[in-house]
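So the structure is just underneath, and the comments pick up after that.
Chain naming here is simple, since letters A, B, ... match the order of the sequence lines and numbering starts at 1 in each.
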Amino acid sequence: MGDLLLQIKNLKTYFYLDEGTVRAVDGIDLTVEKGETVGIVGESGCGKTVAAQSILQIMPEPGKIVAGEINYYPDNHKPPVNLARLNPKKDILRRIRGNEISFIFQEPMTAFSPVHTIGNQIMESFLIHNKEMGKRQARAETITILKRVGIPDPGQRVDAYPFQLSGGMRQRAMIAMALSCNPKLLIADEPTTSLDVTVQAQILALLKALQEKYGMSILIITHDLAIVAEMASKVAVMYMGKLVEKGNIMEIYDNPAHPYTKALLDSLPAREKDAEYLKVIKGSVPDPYTRLVGCEFAPRCEEAIEGICDKEKPSVTEVADGHLVWCFLYSDQKEGLGNVEK
Amino acid sequence: MLKNNNGQSLLKIEHLRTYFPVNKGFFGRTQKYIKAVDDVSLYINENETLGVVGESGSGKTTLAHSIMMGIKPCEGKILFKQGDRVLDLKKLSAKELKSIRKHIQMIFQDPFSSLNPRMSVRDIIGEPLMINNGLKRKKLDEKVIDLMNDVGLDPKYLRRYPHAFSGGQRQRIGIARALALNPRLVLADEPTSALDVSIQSQILNLLKRLQQKYNLSYMFISHDLSIVKYISNRVAVMYAGNLMETGPTGAIFPGGLHPYSRALLSAIPSPDPHQRNKEVILLDDQVVDPADLPSGCVFHPRCRYAEDICRQKKPHLEPVNSSKGHRVACHLKEKVSLN
């Protein structure tokens, strides 16, 4: 086992709205070790993006971390910093953001400012996080890093505006910005969703190569099970703000335990072997204000046990080494509950 | 529904070109053309699904719109079989075209912007029936309810408006609208790319089921190659407005012959972690400028096999001897196939 870099414990991020409370992230546990890639997968609205944003407290208003810890271990000799407790507007967190932990956003067109050159935007992070660096040196560093992420002709592109670059180039510039301060953790939120497959393959290869070279950890957030299969060593599956299953990538894809994970994998055309019809998950994700007494997935679950799954929250069971699942099918809990029902 | 098995294709496109003029200069003179669809020939048989794949900007959507004559192609033929006759859509008058268009329908990518928010489900699905068949009130309601049942929507939502539906349900409304006039050919332009994984399979199954029930032909445009592989009988690969390769799904997947198809297909990540580190053919990031296409083969600047002939002469689609119905536009296909 490697050294711990980030440990999320029982994180809850809620949005208190007039219409009700959205429990976007509702008690998740996750660890990221140094140098590894962890994937969070789930459908839209499952809370995966808010979970990632909570780490740096950059979730949109009025999102608030209401409970839990996000322990960040900058190095082995120092005590961890609990990022969840830091004031999002104060210096300590600002020094970490973009410097030690950086973020790649989904849409590089909207993440960049359209009225500044990409060079100026990347330089900014050098100038903010490294007080000794002058403008000239920052520009030189920017050109070096643009070159490193595979942008041809970086000496000229440094003065380009975002609209002058193609989608793939913009995403490379985004990665360059994220890497400018040699982060220990790179959070990539759907980094290739708006790109073509051929460009996606380039970006994924680039991320892998950069990780090998600089040894940073990557937390990759995606709805695409194939990208996680390609990149991650551990995966966590989220549904309605909660984890339903997590573990080693090979274990989860070979022996998925939770009915939701199984159904997601089975619904992929690429995994279906010449079947006439694809397997489907009935219904759709309920609206975010919904609160269920029982398991969040029970209404859509083919294997739901009546009187148990709709009455209680499942607790966690370890079905194999490091393979955790939140489901009554694997839990001893259900016997006790079943008796009560009778 | 009529079924005519004289071996002729339902739709046959010959040398279709759709160019958009680029106005430049003080007087706005046309100096250049964006060749969105450049000399594309293909066919779709009855009850068959043709998958069209390619990167964004390769002309897939323009091709679909050209078939509908929504965008007027500048050259070529669009031959559509209507009973015993074969009509060239390009030569029809506006009135004739309107009557033919009933048989060709589209399903759009974004179920949020393709439905009018001010119209109820009944009005959206019923509008084509009202205009073309003159159905009214009760008869219209009945037909709309039939269609809703067909696509798996609860008829009790008849009077609801699109905002009350989820993405998957909206796409079902779009499909019902497309089916309202009993079309023969449905052009589905990225019908699942705005949907979640768990909803995507529901819609794909629905499209398959409807195809069997109504003998539909599909042209299925998608950038998601695993979906195209699943749903298509034949596949056409487009690049910069040109058709690079076409053939039965089994011949194109898993590799194809054209160097572009190979690169494209190798780039699909597999949802099986045991297959990671399989060889990916990485293309460099050069984006083709559609107003200034490279000479010869449009793919040659990114092709790893390119030779002099590729820079000088444009390759035409030619049959591959070894497999039936498989055609490739590549000068070096014999050489590439050995690799």
Check whether K282(A) gets within reach of chain B through its side chain, its backbone, both or neither, counting any heavy atom under 4.5 Å.
backbone
Side chain to side chain donor-acceptor pair (under 3.5 Å) partners for N255(A), two or more places apart:
none
Please flag which part of D254(A) lies under 4.5 Å from any non-hydrogen atom of chain B: side chain, backbone, both or neither.
side chain
Which residue out of E55(B), Q275(B), K208(B), H223(B) racks up the most heavy-atom pairs below 4.5 Å with chain A?
E55(B)
Can you check whether anything in residues 243-252 of chain A gets within less than 4.5 Å of chain B, heavy-atom wise, and list it by number?
I249(A), M250(A)
Check whether any side-chain heavy atom of P269(B) lies under 4.5 Å from a side-chain heavy atom of M231(A), and answer yes or no.
no
Identify the two heavy atoms, one from A229(A) and one from D272(B), that lie closest to each other, and give their separation to 0.1 Å.
CB-N, 3.9 Å
Is E43(A) in contact with chain B via its backbone, its side chain, both, or neither, using a 4.5 Å heavy-atom distance?
both
Atom CD of E212(A): over 12 foreign heavy atoms under 6.0 Å:
no
Taking Y277(A)'s backbone N and O only, do any of them form a donor-acceptor pair with N205(B)'s side chain (distance below 3.5 Å, no angle check)?
no
Please report the closest heavy-atom contact between R276(B) and A232(A), naming both atoms and the distance.
NH2-O, 2.5 Å
Look at the side chain of Y230(B) and the backbone N and O of L278(A), then say whether any donor-acceptor pair between them is shorter than 3.5 Å.
yes
Does the side chain of H274(B) reach to within under 4.5 Å of the side chain of Y253(A), using non-hydrogen atoms?
no
Evaluate whether atom CD of Q156(A) has more than 12 neighbouring non-hydrogen atoms of other residues, nucleotides or ligands under 6.0 angstrom away.
no
Identify which part of L204(B) has an atom lying under 4.5 Å from any heavy atom of chain A, answering side chain, backbone, both or neither.
side chain
Go through the structure and list residues passing side chain to side chain donor-acceptor pair (under 3.5 Å) with Q202(B), not counting sequence neighbours.
R172(B)
Is it true that, when you exclude D321(A) itself, more than 12 heavy atoms of the residues, nucleotides or ligands shown sit nearer than 6.0 Å to its CG?
no
Applying a strict 4.5 Å limit to non-hydrogen atoms, the region of I281(B) in contact with chain A is neither
Chain A shares the most heavy-atom pairs under 4.5 Å, among G54(B), A267(B), S198(B), S226(B), with S198(B)
Here's a test for you: under side chain to side chain contact (heavy atoms under 4.5 Å, CB included), which of I281(A), L264(A), D224(A), V41(A) qualifies with V197(B)?
L264(A)
Contacts satisfying salt bridge (Lys or Arg N to Asp or Glu O under 4.0 Å) that involve residues 212-235 of chain B (not counting sequence neighbours) are E48(B)-R234(B), D150(B)-K213(B)
Of all heavy-atom pairs linking S267(A) and S201(B), the shortest is CB-OG, 3.4 Å
Taking atom NZ of K262(A) as the centre, report whether more than 12 heavy atoms of other residues, nucleotides or ligands fall under 6.0 Å from it.
yes
S270(B) versus chain A, the contacting section by heavy-atom distance below 4.5 Å:
backbone
In terms of heavy-atom proximity below 4.5 Å to chain B, should A263(A) be classed as side chain, backbone, both, or neither?
neither
Any side-chain heavy-atom pair of Q200(B) and P269(A) under 4.5 Å:
yes
